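Note that these values count all heavy atoms, side chains included, but never hydrogens, waters or copies made by symmetry. Keep in mind the model is a prediction, meaning the values are calculated, not measured. Each chain gets a letter, A, B and so on, in the order the sequences are listed, and its residues count up from 1.
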Number of protein chains: 2
Amino acid sequence: MNVTIKMIAELSDVSVGTVDRVLNKRGKVKPEVEKRVLAIAKALNYRPNSAAKSLALRNKAIKVGILSHVQPNYINHAVNEGYKGIHAAEREYADFGISLIYRYSRNFDVESQVEELDRLLQEGISALAITPINDPRISSRLDEVISTGIPVFCFINDVITQNTHYFIGIDNYKAGCVAAGLFNLLKKEPLDIAIVFPSLSLLGNAFRLKGFEETIQASYGDSLRRAAVCIATNDDITSYNTVKEMLAGHPEVNAIFFASGAAEGGMRAISESKLMGKALIVAIDPSETIRKNLLNGNIMAAINQNTREAGYRTIKVIYDYIMFGVLPQSSFIYINSEVVIKEHFLQ
Amino acid sequence: MNVTIKMIAELSDVSVGTVDRVLNKRGKVKPEVEKRVLAIAKALNYRPNSAAKSLALRNKAIKVGILSHVQPNYINHAVNEGYKGIHAAEREYADFGISLIYRYSRNFDVESQVEELDRLLQEGISALAITPINDPRISSRLDEVISTGIPVFCFINDVITQNTHYFIGIDNYKAGCVAAGLFNLLKKEPLDIAIVFPSLSLLGNAFRLKGFEETIQASYGDSLRRAAVCIATNDDITSYNTVKEMLAGHPEVNAIFFASGAAEGGMRAISESKLMGKALIVAIDPSETIRKNLLNGNIMAAINQNTREAGYRTIKVIYDYIMFGVLPQSSFIYINSEVVIKEHFLQ
DNA sequence: CTGTTAGCGCGTTCAA
DNA sequence: TTGAACGCGCTAACAG
């Protein structure tokens, strides 16, 4: 038999109303009574029944803000997958009186993200999930939010704050190590590797690069070398141009670590360079473009960020906070990031 | 505002009791009334509130049987991980009046599994999750169970039945294809591949072999060849002997697809054969032994069955059945099976 | 065959 | 500062 507030009430010789006031810190309780009730609750290892709780709270409709820096229909595989996970969790919790409020800021626009954030706060959200832009204005705003008592959960992308927030996503440093390991396993000759990243100002990319380079230095320095780093942004045209230019300047390149946001443009530049089919390419995430190129053999392997799982877990973690007031043990909740190849997508 | 039985009752001009009887098929309702209620419920797209439902059923304690063919402490990475997933889901649903009854049959003993199954049925379970042994006696017993109206969910391992049951686990055929693809990507020269499997009478292994061979034939026939298949059972001594003997008889082998249940014995045989460090080895599942050998470079990659996720999903699916009476669309619920390498386990 | 009602555990008035 | 009582949506027992 599970312990209920009624049992605690009887044992503490008070009414359930008083127990409720103590456990939910609504005050207006004599200190000695409060101590007695808390002691008994702890002794009995009381945990509220989430079914009853959500039923009682049904009319309250606790709000959770979900804010992302890309538009919902923007072609961003990682974020789109993240939302699939969020929606899946939302469906599971449909009956639990938690309503998600979705907001989108203009693509990578810091001011816009701050604006939307403020709008969410005015709606009275109890928790915030965000794919933050890594910018001091965002950081400081999030710090304010956290000090208000609203916990912040960054998913997919992370940002640095003074106050503790939570990150749900892959261990990007490790993903970089894995990429290096893959090149080592797949290589038929020493490699001069070009790195195509969407942005080093996204924290994850910086960590990824660090993991990649440190692994090469520590383990594979005799056969792998970083030949160039090029930043291809999230639009296909600049992505195309940047990669094209980089390849022109680095004829020695025979391998590419391809983590561009705008894969289509980057891959087009590669295909025009005659490296296609000869260069050893490892990518991030099986987006449509990447899948196509895995299937036709141009890309050998992709490291799956599995952002769907990240989105799903984000909502789970928030649910635990809302329901039971418990926050994660660690401020990093890492999602597994494994490797996929052509055969994963046959048929 | 969500639709409730009360709303349906008012619209149908009956009481909530009658609506409940209709929706839960308890009978004793005039056919015309039943039709009216059902129509309105459908029109309003009624879904019961799971919180209220589980609260009302709190004393009932619906039982779900979990039966596995290996002992809980037996060193079986796949099954152990499966249970971790089951426990995680169990914790999530702790407040929902579903109690899991765990039973274990003697290791791979068919009679024992039937016995334990019968014992579970006597306890009055509403659903069964099982890692079945692939044996006609199990099949026919499961068919009986299903025709009783108790749905059967096979996780990790599958079995063939006449009546429909559900499988939750990886697509083993695809895993075989992926293995072939990995050998192709990793090879430095043409490969003569030996296959070490725990048992071809486990359905999953048979599918895996099929996927492997068909992929080689279809795509990599010029550089990959299946040199030998050897069955290494779940104990380390026979595993050691079988692999040793196989290698002795096949000096041409320079690659191994290693999916042995008893990895320790098999790996020992390989290491004594002087193939270690030279042969290209791909394994299944990052069990402790496999992880160790990934780290020291003896194994290049492992295909992760991710049975933890399979266990988790199994309970989720059962919960949906218990709560909402909905069974999965397809009788195969496939879990992603991706690839891990050394760098996934550093530190 | 059908309606009424108590109660599951918790949150929230409203009185006292 | 405290207790009593109602309601969230649903099930089940009981009365008709």
Enquirer: Return the set of residues passing ring-ring contact (aromatic ring centres under 6.0 Å, His included) with A/Phe153 (not counting sequence neighbours), or none when no residue passes.
Expert: A/Tyr166

Enquirer: Who passes side chain to side chain donor-acceptor pair (under 3.5 Å) against B/Arg21, sequence neighbours left out?
Expert: none

Enquirer: Would you mind listing every side chain to side chain donor-acceptor pair (under 3.5 Å) that reaches into residues 154-163 of chain A, with sequence neighbours excluded?
Expert: A/Asp143-A/Asn163, A/Asp158-A/His165, A/Thr161-A/His165

Enquirer: Rounded to whole angstroms, how far apart are NZ on B/Lys28 and C1' on C/dT2?
Expert: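 Rounded to whole Å, this separation is 11 Å.
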
Enquirer: What is the distance from CG of B/Leu23 to P of D/dT11, rounded to the nearest Å?
Expert: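 Interatomic distance, CG of B/Leu23 to P of D/dT11: 8 Å.
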
Enquirer: Return yes when atom CD1 of A/Ile160 has more than 12 non-hydrogen atoms of other residues, nucleotides or ligands closer than 6.0 Å, and no otherwise.
Expert: no

Enquirer: Given D/dC10, is OP1 or OP2 found less than 4.0 Å from the side-chain N or O atoms of B/Lys6?
Expert: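 It does not, given that no N or O in the side chain of B/Lys6 lies less than 4.0 Å from OP1 or OP2 of D/dC10.
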
Enquirer: Using the salt bridge (charged side-chain N to carboxylate O under 4.0 Å, His left out) rule, collect all pairs that involve residues 326-335 of chain B, keeping only residues at least two apart or in two chains.
Expert: none

Enquirer: At under 4.0 Å between heavy atoms, what does A/Phe96 touch on the DNA or RNA strands: base, sugar-phosphate, or nothing?
Expert: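 A/Phe96: no heavy atom of the nucleic acid under 4.0 Å.
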
Enquirer: Between B/Glu10 (CD) and C/dG3 (C1'), how many Å, whole number?
Expert: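 Rounding to the nearest Å, CD of B/Glu10 and C1' of C/dG3 are 14 Å apart.
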
Enquirer: Return the value, rounded to whole Å, for the distance between atom NZ of B/Lys53 and atom P of D/dT11.
Expert: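 About 5 Å, once rounded to whole Å.
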
Enquirer: Among the candidates D/dG3, D/dC10, C/dG9, find the nucleotide nearest to the side-chain atoms of B/Asn49.
Expert: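 Nearest listed nucleotide: D/dC10.
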
Enquirer: For a quick test of reading the model: is some side-chain N or O of A/Thr18 closer than 4.0 Å to OP1 or OP2 of D/dG3?
Expert: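 Yes, because at least one side-chain N or O of A/Thr18 sits under 4.0 Å from OP1 or OP2 of D/dG3.
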
Enquirer: Could you work out how much the helix from C/dC1-D/dG16 to C/dA16-D/dT1 bends, comparing the axis of its first five pairs with that of its last five, to 10°?
Expert: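 Computed angle between terminal axes is 50°.
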
Enquirer: Between C/dG11 and A/Asn24, is there an OP1 or OP2 to side-chain N/O distance shorter than 4.0 Å?
Expert: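 It does, given that an N or O in the side chain of A/Asn24 lies less than 4.0 Å from OP1 or OP2 of C/dG11.
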
Enquirer: Anything under 3.5 Å between a donor and an acceptor, one on a side chain of residues 314-324 of chain B, the other on a protein residue two or more places apart or in another chain? List them.
Expert:
| unit_1 | atom_1 | unit_2 | atom_2 | d |
| --- | --- | --- | --- | --- |
| B/Thr314 | OG1 | B/Ala310 | O | 2.6 |
| B/Lys316 | NZ | A/Glu92 | OE1 | 2.8 |
| B/Lys316 | NZ | A/Tyr312 | OH | 3.2 |
| B/Lys316 | NZ | B/Glu92 | OE1 | 2.9 |
| B/Lys316 | NZ | B/Tyr93 | OH | 3.4 |
| B/Lys316 | NZ | B/Tyr312 | OH | 3.1 |

Enquirer: Regarding A/Asp95, tell me which of base, sugar-phosphate or nothing describes its non-hydrogen contacts under 4.0 Å with the strands shown.
Expert: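 Answer is nothing: A/Asp95 stays at 4.0 Å or more from every strand.
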
Enquirer: Using whole Å, what does the distance between atom P of nucleotide C/dC10 and atom CZ of A/Arg47 come to?
Expert: 12 Å

Enquirer: side-chain contact (heavy atoms from CB on, under 4.5 Å) with A/Val14: which of A/Val33, A/Val22, A/Ile8, A/Val29?
Expert: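 Answer to the side-chain contact (heavy atoms from CB on, under 4.5 Å) test with A/Val14 among A/Val33, A/Val22, A/Ile8, A/Val29: A/Val33.
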
Enquirer: If you look only at pairs with a residue in residues 122-134 of chain B, which of them pass as a salt bridge (charged side-chain N to carboxylate O under 4.0 Å, His left out), with sequence neighbours excluded?
Expert: B/Arg103-B/Glu123

Enquirer: More 5' along DNA chain C: A/Tyr46 or B/Pro31, using each one's nearest nucleotide?
Expert: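 Nearest nucleotide further toward 5': that of B/Pro31.
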
Enquirer: Counting only non-hydrogen atoms, which of residues 315-324 of chain A are less than 4.0 Å from DNA chain C?
Expert: none

Enquirer: Please state how far atom NZ in A/Lys25 lies from atom C1' in C/dG11, giving the value in whole angstrom units.
Expert: 16 Å

Enquirer: Could you work out which one of C/dC8, C/dC10, D/dT1 sits closest to the side chain of A/Lys30?
Expert: D/dT1

Enquirer: To the closest 0.5 Å, what do you measure between CD1 (B/Ile168) and OG1 (B/Thr131)?
Expert: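 Answer for the CD1-OG1 pair, B/Ile168 versus B/Thr131, is 12.0 Å.
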
Enquirer: Can you pull the salt bridge (charged side-chain N to carboxylate O under 4.0 Å, His left out) pairs that have at least one residue in residues 125-135 of chain B, sequence neighbours excluded?
Expert: B/Asp135-B/Arg137

Enquirer: Given that B/Ser15 and A/Ala51 both sit by DNA chain C, which one's nearest nucleotide is further toward the 5' end?
Expert: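 Result: B/Ser15.
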
Enquirer: Would you kindly give the CD-to-C1' distance between A/Glu32 and D/dT1, to the nearest whole Å?
Expert: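 Answer to the nearest Å: 11 Å.
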
Enquirer: Can you list every pair that meets side chain to side chain donor-acceptor pair (under 3.5 Å) and has a residue in residues 112-121 of chain A, with sequence neighbours left out?
Expert: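 Residue pairs passing side chain to side chain donor-acceptor pair (under 3.5 Å), neighbours aside: A/Asp118-A/Arg141.
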
Enquirer: Give every residue pair that meets the side chain to side chain donor-acceptor pair (under 3.5 Å) criterion with at least one member in residues 34-55 of chain B, sequence neighbours excluded.
Expert: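 Counting only pairs at least two positions apart or across chains, the side chain to side chain donor-acceptor pair (under 3.5 Å) contacts touching residues 34-55 of chain B are A/Asp95-B/Ser50.
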
Enquirer: Measure CG/A/Leu55 against C1'/D/dC8 and give the value in whole Å, please.
Expert: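 A/Leu55 atom CG is separated from D/dC8 atom C1' by 4 Å.
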
Enquirer: Identify each atom pair where a protein N or O and an N or O of nucleotides 12-16 of chain D are less than 3.5 Å apart, giving names and distance.
Expert:
| unit_1 | atom_1 | unit_2 | atom_2 | d |
| --- | --- | --- | --- | --- |
| D/dA12 | OP2 | B/Arg26 | NH1 | 3.2 |
| D/dA12 | OP2 | B/Arg26 | NH2 | 3.2 |

